[in-house]
Amino acid sequence: MSRPNIVFFFTDDQRFDTIRALGNTAIQTPAMDQLVAEGTTFTRAHIPGGTSGAVCMPSRAMLHTGRTLFHIHKQGQDVSPEHVLLGEHLRANGYHTFGTGKWHNGASAYARSFSHGAEILFGGMGDHWNVPAYDFDPTGAYDTTTPYCPDAFHSNEVIYRNCDHVHAGYHSSELFCDAAIDFLEDHDSSDPFFLYISFMAPHDPRTMPREFLDMYDPDHIELPPNFLGGHPFDNGDLHLRDEMLAAFPRDPREIRRHIAEYYGMISHLDAQIGRVIDTLKEDGRYDSTIFVFAGDNGLALGQHGLMGKQSLYDHSVRVPLIFAGPGVPKGERRDTFAYLLDIFPTLCDLCGLQLPESVEGQSLVPSIRDAAIPARDSLYLAYTNVQRGVRDERYKLIDYHVNGVATTQLFDLDQDPWEVHDLSRLPEHASTIARLREKMTAFRDRWDDRATPLGASFWDGKPL
């Protein structure tokens with residue numbers, strides 16, 4: 001039996017609530033809407049958080065290895081040879097694996113993952129109109145060091161001094177999809193392919209062709225119900241790069257502009273996704289292809305007075321996740337909890353492949369086939385050494401330990417999905433907090449959180 005092809009669209013900083021078909025009528029996303037209509041959407045997909053201010057780096061390491069947050073290697077800066085990568089596993093099972101776009105987990109991990117590639121960005125961020133790209137090197141001898149967490153765009157000159165070329169005036173979303181389409185047009189093998197398109201968008205600097213910017217008038221953008229001029233207490237990372245992208249206190253007009261630009265970036269990358277889908281329809285491979293659409297993390301953009309993704313609120317840890325294609329019901333949604341690290345085992349299940357022993361995620365296929373089967377009933381959330389959280393079907397508990405100050409928040413997400421009303425000081429919720437802390441402790445031990453320097457700093461008060 002022939003195995004299906006796989007096309008994986010992975011976006012950068014795209015929040016869960018930025019697809020029109022899933023309820024956001026302020027944004028235009030026809031290609032993503034098509035995937036929603038043609039597939040099954042996990043409406044409560046999450047990342048566990050991050051062990052670095054560059055949240056995307058551990059997020060992508062978890063995605064590609066299927067491993068939990070404290071079981072990845074060096075916070076995702078590279079991938080241990082003992083941890084099998086998604087592309088590496090597909091490649092070992094007869095897939096032609098092609099990667100283009102952002103890769104934030106080390107050159108050696110890229111070389112293990114892909115048999116083909118083009119227009120590769122090693123790093124966390126960059127100018128969308130001047131992408132410092134590498135050509136594919138089948139030997140894996142990329143003369144680059146993936147930056148840990150770049151703090152300014154001018155650092156690109158140093159980070160990418162050995163890159164093969166800089167694409168001046170060519171937008172990243174178009175560049176990567178052009179490379180993907182070239183691969184599709186050249187791929188004439190009967191062997192299945194895994195096509196991984198990793199966008200830089202909608203990560204800042206949020207620039208795009210004028211027609212997409214003009215789609216959204218900042219004056220007509222509604223502020224979210226949880227907009228604040230500033231975060232009400234020190235969460236441990238209020239002044240890193242992301243938070244400096246807007247003035248303090250947050251100005252409603254400036255936040256509306258940021259949201260309008262964010263939506264424009266998403267609509268532009270959506271149009272490029274549509275081009276890839278159309279290519280597969282035109283050459284007759286659409287029906288034999290599994291599509292995955294996901295984002296690496298969310299973004300605050302004024303919610304809770306924050307701009308970035310360095311928190312455990314839904315706007316930062318909740319992400320889009322869509323599967324479509326052979327074996328996937330059309331036009332359905334699942335509200336069970338899922339992590340991005342579950343994608344690896346899910347694709348193995350859909351493609352009839354044995355799962356590597358190093359993978360810790362769980363297949364979502366039972367939930368895809370039967371909405372009554374939950375994938376997970378709770379989630380563990382963590383950010384560096386300052387925040388820990390747990391989420392069940394109704395409540396989210398977040399504990400903060402910052403410079404010797406402990407703060408707790410409890411939200412009833414059934415009644416308060418925007419996480420506005422902190423219930424932690426109400427006596428009637430003491431038992432709920434105690435129950436969730438027990439669950440948090442169990443997760444901590446199972447995930448080996450306390451055994452890491454970050455975890456020890458949080459749980460035992462040991463400085464890093």
Side-chain angles (χ1 to χ4, degrees), residues 15-17 43-51 55 68-70 224-238 297-306 308-319 335-339 374 376-447 449-450 454-455 457-461:
R15 206 169 54 214
F16 73 97
D17 58 352
T43 59
R44 293 199 292 181
H46 289 70
I47 62 169
T51 47
V55 174
T68 49
L69 183 59
F70 300 101
N226 56 2
F227 167 79
L228 291 174
H231 198 262
F233 57 87
D234 187 356
N235 72 354
D237 246 339
L238 291 182
N297 50 253
L299 203 64
L301 291 180
Q303 297 187 43
H304 296 103
L306 303 171
K309 57 264 190 177
Q310 295 79 11
S311 76
L312 304 184
Y313 300 120
D314 269 14
H315 53 63
S316 295
V317 296
R318 195 169 159 195
V319 293
D335 63 3
T336 183
F337 294 129
Y339 284 129
R376 299 175 180 272
D377 62 6
S378 55
L379 299 169
Y380 189 45
L381 306 170
Y383 176 66
T384 64
N385 64 322
V386 292
Q387 302 172 30
R388 293 294 184 273
V390 67
R391 164 83 197 266
D392 68 9
E393 288 291 337
R394 180 169 181 177
Y395 293 100
K396 180 189 286 185
L397 177 72
I398 307 175
D399 280 335
Y400 303 80
H401 294 174
V402 180
N403 297 323
V405 178
T407 307
T408 295
Q409 292 180 308
L410 176 70
F411 300 106
D412 181 345
L413 296 182
D414 281 355
Q415 303 298 318
D416 179 26
W418 291 93
E419 299 169 299
V420 172
H421 305 292
D422 176 17
L423 307 176
S424 63
R425 298 183 182 180
L426 300 179
E428 59 267 34
H429 289 288
S431 61
T432 298
I433 292 174
R435 176 179 60 80
L436 291 174
R437 283 225 174 98
E438 286 185 10
K439 190 178 288 289
M440 187 187 296
T441 300
F443 268 119
R444 176 200 69 188
D445 296 343
R446 189 161 70 248
W447 284 32
D449 179 0
R450 200 174 197 164
L454 291 172
S457 177
F458 181 88
W459 292 102
D460 302 328

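Values in this document were obtained by computation on a predicted structure and should not be read as measured data.
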Practice problem: May I ask you to establish whether R376 and F337 are in a cation-pi arrangement, using a distance under 6.0 Å from NZ or CZ to the six-membered ring centre and at most 45° from the ring axis? | Solution: no

Quiz item: Quick check: are there more than 12 heavy atoms from other residues, nucleotides or ligands sitting under 6.0 Å from CG of N403?
Solution: no

Quiz item: Quick check: does any side chain N or O of D422 sit under 3.5 Å from a backbone N or O of L410, one acting as donor and the other as acceptor?
Solution: yes

Exercise. Just do the side chain to side chain contact (heavy atoms under 4.5 Å, CB included) check on Y380 and D449 with the steps written out, would you?
Key: CA-CA 10 Å; Y380 189 45; D449 179 0; 2.6 Å; yes

Quiz item: Does the side chain of Y400 come under 3.5 Å of the side chain of D234 through a donor N or O and an acceptor N or O?
Solution: no

Quiz item: Side-chain contact, heavy-atom cut-off 4.5 Å: K309 with H315?
Solution: no

Quiz item: Looking only at heavy atoms, what is the nearest atom pair of L312 and V317, with distance?
Solution: O-CG2, 3.7 Å

Practice problem: Indicate the atoms forming the closest heavy-atom contact of S457 with N385, along with that distance. | Solution: OG-ND2, 3.0 Å

Exercise. Say whether Y313 and Q387, considering side chains only, have a donor N or O and an acceptor N or O under 3.5 Å apart.
Key: no

Quiz item: Can you check whether F411 reaches L423 side chain to side chain, under 4.5 Å on heavy atoms?
Solution: no

Exercise. Scan R444, R388, R437 and name whichever one has a salt bridge (Lys or Arg N to Asp or Glu O under 4.0 Å) with D399.
Key: R437

Quiz item: Rounded to the nearest 0.5 Å, how far apart are OG of S316 and CG of L381?
Solution: 11.0 Å

Quiz item: In terms of side-chain heavy atoms, does D237 have a donor or acceptor partner in Y383 at a distance below 3.5 Å?
Solution: yes

Practice problem: Output the distance between atom CG (N226) and atom CD (Q303), rounded to the nearest 0.5 Å. | Solution: 4.0 Å

Practice problem: Measure the shortest side-chain to side-chain distance between L69 and W447 over non-hydrogen atoms and say whether it is less than 4.5 angstrom. | Solution: yes

Quiz item: Between W459 and H401, is any pair of side-chain heavy atoms under 4.5 Å apart?
Solution: no

Quiz item: Taking side chain as C-beta onward, heavy atoms only, is D314 less than 4.5 Å from E419?
Solution: yes

Quiz item: What distance do M440 atom CE and E438 atom CD have between them, rounded to the nearest 0.5 Å?
Solution: 11.5 Å

Practice problem: Without swapping roles, check the side chain of H231 against the backbone of F233 for a donor-acceptor pair under 3.5 Å. | Solution: yes

Exercise. Could you tell me the separation between the CD1 atom of I47 and the CG atom of L379, rounded to the nearest 0.5 Å?
Key: 11.5 Å

